[in-house]
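Structure first, commentary second.
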Protein chains: 2
Amino acid sequence: MVKITDVARHAGVSPSTVSYALSGKRPISEETRRRIEASIRELGYRPHAGARALASSRSNVLALVIPLRSGIHVPVVMQFAVSVVTTARTHDHDVLLLTQEEGEDGLRRVADTALVDALIVMDVQLHDPRMPLLRTLDRPSVMIGFPQDPAGLTCIDLDFMAAGELCVERLAGLGHRVVALVGSPPEVYVRRTAFAQRVVQGFTAAADRNGLTSSIHPCEASPAAARRVAEQLLSEQAALTGVVVHNEAVLEPLIDAFEQLGLRVPGDLSITAICPDELAASLRVPVTSVALPSAELGARAVELLMKKLDGAAVPEATLLPPRLTERASTAPRNAP
Amino acid sequence: MVKITDVARHAGVSPSTVSYALSGKRPISEETRRRIEASIRELGYRPHAGARALASSRSNVLALVIPLRSGIHVPVVMQFAVSVVTTARTHDHDVLLLTQEEGEDGLRRVADTALVDALIVMDVQLHDPRMPLLRTLDRPSVMIGFPQDPAGLTCIDLDFMAAGELCVERLAGLGHRVVALVGSPPEVYVRRTAFAQRVVQGFTAAADRNGLTSSIHPCEASPAAARRVAEQLLSEQAALTGVVVHNEAVLEPLIDAFEQLGLRVPGDLSITAICPDELAASLRVPVTSVALPSAELGARAVELLMKKLDGAAVPEATLLPPRLTERASTAPRNAP
DNA sequence: TTCCACCGTCGAAGCGCTTCGACGTCACGC
DNA sequence: GCGTGACGTCGAAGCGCTTCGACGGTGGAA
């Protein structure tokens, strides 16, 4: 293994000079820097991560905590993860993957052993046992999602409440008077997952504000469940003309089911969704949707974390405003 | 931060004794061990990962390389990942997540900086540029999947060729004479992804061996594509009665499409698939399938890696034999 | 009883890097 | 002409842990 002393000798300087040339923490003459860089290339030098971490008390590793509970939409989560990894790399950091098998102990372990410098936590519950822990940890962290009490934490997420409202407002603006929300699987609500609940809040508030008749329907992530919900909606709410879907997995099957039941989209039924843009745009009937900007969220979470690591102050709460894209699934309500 | 010298002082022993008590590499008296353990608990001691890595030249971190190329089925990949993480934890290792953004350089980097002790590589191509690199790296690695030339590498995978054969044999055994393979998206074949090609090989070999008429149809991962393939199959192959599906994303839409086109499963059309058992079993028509044992593969990959890290010899190739589970989607061919 | 082997523990020497203080040199202002 | 900084570099001291060799003590074999 080639080490910093080898490089130093080869370049005719001291090891500390090599270190400073690498880190830029002290000025080094152009000439010396060139020689050092040449030596590094020639010898194929790579600084030892452990030695670096020990001496600098910085591991340059972030922990990404992905619970992967049931009912979540895996591809979306994976988009976050990829975006976190690539953004972290632009800041010269790597990403350690933690699932929830270990529970809170895992977080404490990687933090206390100095394996990671900071943590990104996904799938935050309204009352999340990890939150108090994270407040006590001496390492910075960023949540993707909001718990009930975000005080003292740095959180970022799509403004799901506003997203829910926006979907309803759009339908209301098109003249729809009876709307339904097809939401996440029941277990997501039982766990009191923050974002799901906030969509419900926004949906309900906007419906009430506009004097709409509304109802809420959790839905399992299977086409069969989608069909059942569709049938139920038609039988129970004959006047229904607007649906908000917050469930990536059933968006397409749901549309299929409606059409098989004789309802054309958007002729008889207008649909808005909260989901990744790529999904909404790729469907047979492209769906008017509020984008779920996974990649942006992941990237911004990393940026926030980097700022905190640099000792900078960051806002505790970052809510991305919802952005609605009009597509083919919405139309004005037919005259009755 | 509490360190090993603090524990040593508190327990009235030397730091090396604490270290040996922790690692078990030298005998320590019962009595002393108890005192040390008590001190560790009392002080909340956690060994510093970097220091440990530096002194022992073991980071206790594995790299998991997930390319996430287009056309792959994300949930399946994620199952691997989770299984790798949890298994690694049982061996006191953590997992660093690498995507393919960085390319081969990323592998080299984490290996050369001693950030990781070993690597697990997924989504292996037939001619994979990472393979030569891995052969030269001084760290052990395990591939999930087989390249064209696996010499000098440790590879593990489901025996996809046998799986393809098994699916066909099952259909042949039920009397079907005209069969089709609905496969992965075209880009997967263009990239020459190993497992996809092997399924084709097995499918073709078994079809020929049994004198069946057969055809192969790559398929995009969308319901619309599934429908198109279904229609194409019906128009071009009127006598078709057996279909093998190797594409998780379109399995359900494909069945729907067939039924909408007037073909009942398994009455008119028998279907076998290669996919995770949970998926096959959860469909409206539970599908006779060869299990894709993601969790087992991930776990066994880690076990292999641990053996290699311990200096033990392991087989270069591990092919898990396919296991077919009979479900509701297959039946004997109707009399013509 | 003597010798040897093993057990349990200790002290010290690193592992490869960062960082702090120090030092020589040079340019500039007064 | 001298003091003063800034610049560029060096040496040495750790960062917290593992591991090697050494050493006293104990028990069994001879």
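Below, chains carry the letters A, B, ... as their sequence lines are ordered, and counting in each starts from 1.
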Would you kindly check whether a donor in the side chain of [X] faces an acceptor in the base of [N], or vice versa, at under 3.5 angstrom?
X	N	value
B:Ser16	C:dG11	yes
B:Tyr20	D:dC20	yes
A:Arg26	C:dT19	no
B:Arg52	C:dG16	no

d([atom1], [X]; [atom2], [N]) in whole Å:
X	N	atom1	atom2	answer
A:Glu31	D:dC7	CD	P	19 Å
B:Asn60	D:dT18	CG	P	10 Å
B:Asp112	C:dC17	CG	P	12 Å
A:His48	D:dC17	NE2	P	16 Å
A:Leu54	C:dC15	CG	P	13 Å
B:Ile4	D:dT19	CD1	C1'	12 Å
A:Leu22	C:dT18	CG	C1'	11 Å
A:Leu115	D:dG16	CG	P	16 Å

Side chain of [X], heavy atoms from C-beta onward: which of [options] has the nearest atom to it?
X	options	answer
B:Met1	D:dG16, D:dC10, D:dC7	D:dG16
A:Thr32	D:dC15, C:dG8, D:dT9	D:dT9
A:Ala55	D:dC10, D:dG16, C:dC17	C:dC17
B:Val13	C:dC10, D:dT19, D:dC10	C:dC10

Does [X] put a side-chain nitrogen or oxygen below 4.0 Å from OP1 or OP2 of [N]?
X	N	result
A:Lys3	C:dC17	no
A:Lys25	C:dT18	no
A:Ser14	D:dC10	yes
A:Ser19	C:dT19	no
B:Ser57	C:dC15	no
B:Thr17	C:dG8	no

Does the side chain of [Y] come within less than 4.5 Å of [X]'s, by heavy atoms?
X	Y	value
B:Leu64	B:Leu96	no
A:Met1	A:His48	yes
A:Glu104	A:Arg108	no
B:Leu62	B:Val116	no

Query - Short side-chain donor-acceptor distance under 3.5 Å, B:Thr90 and B:Thr87 - result: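 Their side chains do not contain a donor-acceptor pair, so the 3.5 Å distance test is not met.
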How about B:Ser29 and B:Thr32: does a side-chain donor come under 3.5 Å of a side-chain acceptor?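 The criterion, which ignores hydrogens and geometry beyond distance, is satisfied for B:Thr32 and B:Ser29.
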**Request:** Indicate, with a heavy-atom threshold strictly under 4.0 Å, whether B:Pro27 touches base, sugar-phosphate, or nothing.
**Result:**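 Base contact.
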Select from B:Ile28 and A:Tyr45 the residue whose nearest nucleotide in DNA chain C is closer to the 5' end of that strand.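 Its nearest nucleotide lies further toward 5', so the answer is B:Ile28.
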